[in-house]
*Asks:* 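My questions all concern the structure below.
Here is how names work: the chains are called A, B, and so on, in the same order as the sequence lines, proteins then strands, and each is numbered from 1.
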There are 2 protein chains.
Amino acid sequence: MAARIDDVARRAGVSTATVSRALRGLPSVAAATRTRVLQAAAELDYIASPSASSLASGHTRTIGLVTPSVSRWFHGHVIEGAERTLRAAGFDVLLHALMLDASMSRASIDPTVLRRRVDGVLVVGLPVSEEELAALEGLGVPLVFVGAGPPGHVRVHMDDVGAARMVVEELVARGHRRIGQVQGTPTHSVPWSPAVERAQGAEAGFAAADTVIDRDDRPVEHGDFSVEGGRAAAARLLDRDPGLTAVYAHSDEMAFGVLAELEDRGVRVPEDMSVVGIDGHDLGGLVGLATMAQDASGQGAVGATLVLEMLAGAAVGPDVLYPVTWVPRRSVAPVRTAAG
Amino acid sequence: MAARIDDVARRAGVSTATVSRALRGLPSVAAATRTRVLQAAAELDYIASPSASSLASGHTRTIGLVTPSVSRWFHGHVIEGAERTLRAAGFDVLLHALMLDASMSRASIDPTVLRRRVDGVLVVGLPVSEEELAALEGLGVPLVFVGAGPPGHVRVHMDDVGAARMVVEELVARGHRRIGQVQGTPTHSVPWSPAVERAQGAEAGFAAADTVIDRDDRPVEHGDFSVEGGRAAAARLLDRDPGLTAVYAHSDEMAFGVLAELEDRGVRVPEDMSVVGIDGHDLGGLVGLATMAQDASGQGAVGATLVLEMLAGAAVGPDVLYPVTWVPRRSVAPVRTAAG
DNA sequence: TTGTAAGCGTTATCAT
DNA sequence: ATGATAACGCTTACAA
């Protein structure tokens, strides 16, 4: 029932080859011919069969998005930004979510579902293992990492080390000397994951404050980048070290959990405790959470652009560093003096 | 370089037809033959070309997800639930997001990108216009609506009318008589959108309280289901009617905006003002927001299951109503007495 | 600039 | 239960 390419060809009085060329905007078609073909196609409401053209051409005009989450702030926004850019360029988006299972570990990337299906892959906020990386490369299509990616590969991400360090500096500048951390827990512990890099950055911040902060007084707990994880980590931190004046969570979502725990315990923010996060979550303003903000959907868009450029044969540099912005809010204040 | 079906056929010593049958688990294949084929396929790391099999079979093993957002709570969770279910069933997910543009209106659904590409469509939290509905039906594939859908179509959603009514009842039961509403604003104003149905439900709740609440004392403002919209609406509400004791936002995200505005104005919650939302947003607990909660990812999973069943030829009922749960939190309290 | 015709890699029909 | 073979609907050399 749906019109096929030879219906259009017949109607326009040309060959199917010409229809194909005209519809795809290839150069070697006479203007008059093209008009005629376009007209005929429109009249028949013709759309080329994607499977047929993929089979014949060898490419799918589809980009795979591999992500461990859709609902989390960073991933949702990156996906949104990437989708918009890809669709605008006429590409489809195949969503491949690898949810965490009950044991907090996630399914491995299944490259078989991507094989022959996509022209390129965007890996969103997902530290991949060596085997997964090999599998992804085995796909033989452009590969771009957003949020974090192995060095040497094309990636767009914030400066995790720098951002984390700056946060510590902000706290130190406000007189905080007893700072607890809620770090992220990477699923696959690779050295380039945000969890690890933010930890390193914080470390660097502390190192710079070596003269004022005791090396042994830098308590750390782990939340797994989730609200509940952050809450539990905060609980452990507070139990262990009642003298803290600030908690630095390595993501806003964990910081939310920290705030919840503090509220439950009647610890006032910022009077008794300053709290900082990283990310720039939309709802940070609601609870007055100071943070180091990044633009997630912007990174998604850039990542998408990069795959498209690689597809077009352009040589793209391996690293796009995205800027962060310090967003001071009421959750962080100068440490109260002993007299206060 | 990648193995094709005749490579497998040759290696297993059978015809390509048998390989195809064996690999797809069709019944009429001898056990021994199947084993041999499976073995050969595994050795060659063979995966059937999706485009080729789509072209030959006429179906794509792909479901389209049409949504106006990825980053909003409801949509993100529905997508997550649906994706998981679809992938488990061996289906791919094509993400089609229709972002809002600057003018707050959204792009129309472009059915051409879905044509011949998907075996079924899941419309997520999107009130579609008559034309869009016609276009979607024109696809000729199973169509399921999650979150809200036109009557008579297959849909899974919460009881918006009932939930909204129950919220009003909860407030009335706590003595509130001056209740302001922040309603949602549907992009396409269809009678079955959550915005409209929640408004109707609230209306019904007020009607039941007719003897205690003046008909003319039910102020309403509109936020567009966003935090900022909710905040602006709350501002208008408060300016207009300083005597309110409760604000009922028709979504948690708008309620967050209401809370932010109240805090800015120094209005204490719940001492001076009770606030309620609808949805069960993950971060509601953080700010103590009482709400009528629904299970978004569950609805996504059910929606996915329905498309799959329709694909399998099952007759599915047109309506799956999803239960809601009242979640009392500290943002709602009995109205303070005049003496209080 | 346009047409002819050979793929592209499966599935499905019809025999056997 | 298995094999031949004709679709499936397009793209792309190669010719003209």
*Asks:* Without decimals, in angstroms, what is the distance between A:Arg61 CZ and D:dT11 C1'?
*Replies:* 14 Å

*Asks:* Can you pull out how bent the helix from C:dT1-D:dA16 to C:dT16-D:dA1 is, comparing the axes over its first five and last five pairs, to 10°?
*Replies:* 30°

*Asks:* Salt bridge between A:Asp7 and A:Arg11, side-chain N to carboxylate O under 4.0 Å?
*Replies:*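 Not counted as a salt bridge, because no side-chain N and carboxylate O are separated by less than 4.0 Å.
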
*Asks:* Let me know the distance between CG of A:Leu23 and P of C:dT2, rounded to the nearest Å.
*Replies:* 14 Å

*Asks:* Answer whether the closest heavy-atom distance between the side chains of A:Thr62 and B:Arg117 falls below 4.5 Å.
*Replies:*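 Result yes, sub-4.5 Å side-chain heavy-atom pair found.
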
*Asks:* Roughly how far apart are B:Phe225 CZ and B:Ser193 OG, rounded to 0.5 Å?
*Replies:*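 Answer rounded to 0.5 Å: 7.0 Å.
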
*Asks:* Please identify each residue that fulfils side chain to side chain contact (heavy atoms under 4.5 Å, CB included) with A:Ser297, with sequence neighbours left out.
*Replies:*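 Per chain and number, A:Ser297 pairs via side chain to side chain contact (heavy atoms under 4.5 Å, CB included) with A:His77, A:Asp295.
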
*Asks:* Just by protein heavy atoms under 4.0 Å, how would nucleotides 6-13 of chain C read 5' to 3' in B, S and -?
*Replies:* -BBBBSBB

*Asks:* With sequence neighbours excluded, tell me which residues meet side chain to side chain contact (heavy atoms under 4.5 Å, CB included) with B:Leu139.
*Replies:*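 Partners of B:Leu139 by the side chain to side chain contact (heavy atoms under 4.5 Å, CB included) criterion, ordered by chain and then number, come out as B:Pro111, B:Leu114, B:Arg115, B:Val121, B:Leu136, B:Val141.
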
*Asks:* List in chain and number order the residues that pass side chain to side chain contact (heavy atoms under 4.5 Å, CB included) with A:Ala89, two or more places apart in sequence or in another chain; answer none if no residue qualifies.
*Replies:* A:Phe91, A:Leu308

*Asks:* Test of understanding: with side chain to side chain contact (heavy atoms under 4.5 Å, CB included), list the residues that count as partners of B:Glu309, not counting sequence neighbours.
*Replies:* B:Thr305, B:Leu306, B:Ala314, B:Val316

*Asks:* Output yes when A:Arg61 and A:Asp119 qualify as a salt bridge under the 4.0 Å nitrogen-oxygen rule, no when they do not.
*Replies:*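 No, A:Arg61 and A:Asp119 are not salt-bridged.
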
